[in-house]
Amino acid sequence: SNLLPLFIIFYNIALNLYISTNKSIIDPQHIACNRVLRTLQEVDRYCSVKQLYSNCEILPIHLLGNLHVCKFIYAH
């Protein structure tokens, strides 16, 4: 899809927000990511969120933030 690069940029911005902010700010970004994934995959709003991320082989924002923290700890 030609929207995938745009989604990746949005996803990286959301990741940076996750690392530097609290949950009340992250939740709307997470919901927006889910909405974009549903649109790109052309599924209804009742599709499992896990399946949305699994189809694209990416992690949800909150798990991606944890992954980057773990990678940082492992590297140092």
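Nothing here was measured: the structure is a model prediction, and the numbers come from that model.
Within the 4.5 Å cutoff, no side-chain heavy atoms of V36 are placed close to those of C33.
Note that CG of N34 is 10.5 Å distant from OG1 of T39, once rounded to the nearest 0.5 Å. Atom CG in L37 sits 11.5 Å away from atom OG in S54 (nearest 0.5 Å).
Annotation: salt bridge (charged side-chain N to carboxylate O under 4.0 Å, His left out) contacts involving residues 25-47, sequence neighbours excluded, comprise K23-D27. Residue pairs that meet the ring-ring contact (aromatic ring centres under 6.0 Å, His included) test with at least one member in residues 37-60, sequence neighbours left out, do not exist here.
In this structure L67 satisfies the side chain to side chain contact (heavy atoms under 4.5 Å, CB included) test together with L59, L64, K71, sequence neighbours excluded. Taking N55 as the reference, Q41, Q51 meet the side-chain hydrogen bond (donor to acceptor under 3.5 Å, both in side chains) condition, with sequence neighbours excluded. In this structure S24 satisfies the side-chain hydrogen bond (donor to acceptor under 3.5 Å, both in side chains) test together with N22, sequence neighbours excluded.
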